Amino acid sequence: MSAPSPRKQHEASHSNFIRQIIEADLMAGKYARRKWNGKPGSAFSLHNAPTDPAKIRTRFPPEPNGYLHYGHAKAICLNFGLARDYGGGCHLRFDDTNPAKEETEYVDSIREAVKWLGFSWEDPGGNRNEYYASDYFEYLYQFAEELVRRGHAYVDSLSAEQMRALRGTLTEPGKNSPYRERPVEENLKLFREMHLGRFADGEHVLRAKIDMASPNINLRDPAMYRIRHAAHHRTGDHWCIYPTYDWAHGVSDALENITHSLCTLEFEDHRPLYEWFNERLAEDWTGYDGVKRPGLLQQPLPRQIEFARLNVTYVVLSKRKLIQLVEERHVDGWDDPRMPTLVGARRRGFTPEGFRLFAERIGVAKADSWIEFSILEDCMREHLNEAAPRRVAVLDPLKLVIENYPEGKEEECEAPNHPHKPEWGRRKLRLSRELWIEREDFSESPPKGYFRLFPGNRVRLRYGYIVECIGYDKTTDTVRCTYDPDTRSGTPGAEKVKVKGNIHWVSAKDSFAAEVRLYDRLFKVPHPGAGDSELVPDLNPDSKKLVTAQLEAALKGARPEEQFQFERHGYFTADRVDSTAR
RNA sequence: UGGGGAGUCGCCAAGCUGGUCUAAGGCAGCGGAUUUUGAUUCCGCCAUUCGAGGGUUCGAAUCCUUCCUCCCCAGCCA
């Protein structure tokens, strides 16, 4: 009978430049013939495979060397959201090409964070799709040898400093390395010896042979392999040469059948290189022996698309700055509720639903932008307003005595668990002569416009009676009141007296004390550490406050991560790490 | 001074195969209504203007052109 609310009818446009690209590709059937057998592989290995059931494939490719933060949440929602919306799959790929920096510990935490945000990396065909760049080391090595054979790569024996000197500058072209014209056979021999561990770190490096005069510095013969005698978190000591990001990333995408490879803006001028590598590998090649060899990668090749990374005011997301906060102990660790990490956000009470709403609300584009922190907070409140049951908590308790209320008498007042959801039921609050109220709800000499408790004023005890303040006893720090027995909430005549103020309370006898932590933004300025300025002076000294609150009895059994709205205060979460209910 | 990007309301962001744009939507803000949370919900208001100038056109945020501003790039990091 009722029409949908007009507000819901015209949902905001979710259109963005990435969706347009995908929709155009889908329309053109660009990726429709890709083959897939559930296992990343070369053109040869996929030759007889069936058609890929996933319409598109995206990937979230974190480097397992730190904790995920708000920025990653945006990327996760984007990649997984697109895959979901277009009948595709999104792979979780750990980009672990650098043995010096990566650890297994982070792999677990990243996996958990993605799951927590509500996403799964299983695809329409039922494949698990959890991959590691290190899974492709063998492919990468074989492909690199092939590029050497085809004259597209060479072993350089310059030191890092010498190489830098020859690279040129932003405005001057680079110069060719003296080793650039090494014959193919010699390159092959040296590369194999690099692989075999015959050289020390840094002695040689495999470079793509592109163009030292390119105005794009990434094309000035970029490194593909470096020698690192280091144990890798997954491959152990099996390798002593490791591929660079530029070499490994595009190939990984291609092996995994990725269609749309999304990354941030700083990789824009890496795209020509991304494409160069994949195109060289995908093209057919006729060797000096006259034998034609087919391309190594399935086509069409993945397409890299760049979007603007997330910036949030009052928040710092650079790894360097986050490490500084932890190491210098300005926070209590990576999962401190004030940290912009996902583990921190979770303890803070931020929710997956809130993050997904946030990602949707901020959109995705190519313009650098700063999102106001309040938008993130609003998204969280928007979800919690729906999802969190209401409870009463007095965070800064002040004693109140109802002098005309009989000693020993108790009454049960009913309060709804959610004002707009009667189906959530009601709970009982016990009213007695002595109560705790919020200190800021009383004023001996009220400022203008103050309509809560002050001598001579009447106010409603939420869900209970109307009381009138008759004084304040300084020595016992107690507010004195009388109540009007005819004004009990929910009874006939309760509305006979109109009052503007409505304050919350808990019974002195029935409530319990508990530590409550109040968190505010970590920084007091919108752009902490802007430019190269110091970060520390920008810290908000009041970002964390501990109070001993009086909580209503129903809060006693709160389970870790259970969330509530403390009426008239805001949202609170039982800490999953540290919540000792008393 | 090389190359690659970006500039639409306080903050995001649609639109950019030219007319339906005196520019969508969200957030914030401002009014007002409901309300036992100074909350929520609801209703209304909120860019004659699209970085600036010039041009093409009957008509431009959308096309051309000049200029301005901001961001990224010289790791054997990602």
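These figures come from a predicted structure and were not determined experimentally. So you know, we letter chains A, B, ... as the sequences are listed, proteins then strands, and number each from 1.
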How is E306(A) classified with respect to the nucleic acid when contacts are heavy atoms under 4.0 Å: base, sugar-phosphate, or nothing? nothing

Can you see if the side chain of R167(A) gets near the phosphate of G75(B) - specifically, an N or O under 4.0 Å from OP1 or OP2? yes

Atom NE2 of H270(A) and atom P of C77(B) are separated, to the nearest Å, by 13 Å

Electrostatic pair E256(A)-R93(A), nearest N-O below 4.0 angstrom: yes

Can a donor-acceptor pair under 3.5 Å be found between the side-chain atoms of D269(A) and the base atoms of G3(B)? yes

Which of these nucleotides, U37(B), C76(B), G15(B), is closest to any side-chain atom of R228(A)? C76(B)

Rounded distance in Å between the C1' positions of A60(B) and A28(B): 31 Å

Nearest whole Å is fine: how far is C73(B) P from E266(A) CD? 8 Å

Of the nucleotides A14(B), U40(B), G3(B), which one has an atom closest to the side chain of N385(A)? U40(B)

For U40(B) and U34(B), measure between their C1' atoms and round to the nearest Å. 11 Å

To the nearest angstrom, how far is I323(A) atom CD1 from A78(B) atom C1'? 13 Å

Please pick, from C71(B), A13(B), G26(B), the nucleotide with the shortest atom-to-atom distance to any side-chain atom of D368(A). C71(B)

Please give the distance between the C1' atoms of U62(B) and C50(B) as a whole number of Å. 10 Å

Report the relative orientation of the aromatic rings in F454(A) and Y450(A); use parallel for angles under 30°, tilted for 30 to 60°, perpendicular for over 60°. tilted

Counting only side-chain N and O atoms of R226(A), is one of them less than 4.0 Å from OP1 or OP2 of C77(B)? yes

With rounding to whole Å, what would you report as the distance between C30(B) and C46(B) at their C1' atoms? 8 Å

Look at the side chain of H420(A) against the base of U40(B) and say whether a donor-acceptor pair falls under 3.5 Å; ignore hydrogens and angles. yes

Gap between atoms CG and C1', on L170(A) and U1(B) respectively (whole Å): 10 Å

Inter-nucleotide P distance (A78(B), C73(B)), Å rounded: 15 Å

Measure up the F373(A) and Y70(A) rings against each other and bin them: parallel (under 30°), tilted (30 to 60°), perpendicular (over 60°). parallel

Say you pick atom C1' in A6(B) and the same atom in G44(B); how far apart are they, in whole Å? 36 Å

Counting just side-chain N and O atoms, does T169(A) come under 4.0 Å of either OP1 or OP2 of G2(B)? no

Got a salt bridge between E567(A) and R390(A), using NZ or NE/NH1/NH2 to carboxylate O under 4.0 Å? no

What distance, rounded to whole Å, do you find between the two C1' atoms, one in U35(B) and one in U20(B)? 41 Å

Under 4.0 Å, heavy atoms only, any strand: does S374(A) hit a base, just the sugar-phosphate, or nothing? nothing

When all nucleic acid strands are considered with a 4.0 Å heavy-atom cut-off, which category describes E268(A): base, sugar-phosphate, or nothing? sugar-phosphate

I need the CD-C1' distance between E382(A) and U41(B), as an integer number of Å. 12 Å

What's the closest nucleotide to the Y450(A) side chain, out of C73(B), C11(B), G38(B)? G38(B)

When the ring planes of H72(A) and H69(A) are compared, do they come out parallel, tilted or perpendicular, using 30° and 60° as the limits? tilted

Between A6(B) (C1') and L265(A) (CG): distance, integer Å: 8 Å

Identify whether any heavy atom of A367(A) sits under 4.0 Å from a base atom; if not, whether one sits that close to sugar-phosphate; answer base, sugar-phosphate or nothing. sugar-phosphate

Is it the case that R234(A) places NZ or CZ above or below the six-membered ring of Y132(A), under 6.0 angstrom from the centre and within 45 degrees of the axis? yes

Nucleotide of U37(B), A78(B), A13(B) approaching E63(A) most closely (side-chain heavy atoms): A78(B)

Angle between ring planes, Y131(A) versus Y136(A), binned at 30° and 60°: parallel, tilted or perpendicular? tilted

Write down the distance separating the C1' atoms in G7(B) and C67(B), rounded off to the nearest Å. 14 Å

Nearest-neighbour nucleotide for the N98(A) side chain, G38(B), G26(B), C77(B) considered: C77(B)

Distance-only donor-acceptor test (3.5 Å): side chain R452(A), base G38(B): yes

Between F307(A) (CZ) and C12(B) (C1'), how many Å, whole number? 15 Å

D378(A) CG to G25(B) P, straight-line distance once rounded to whole Å: 19 Å

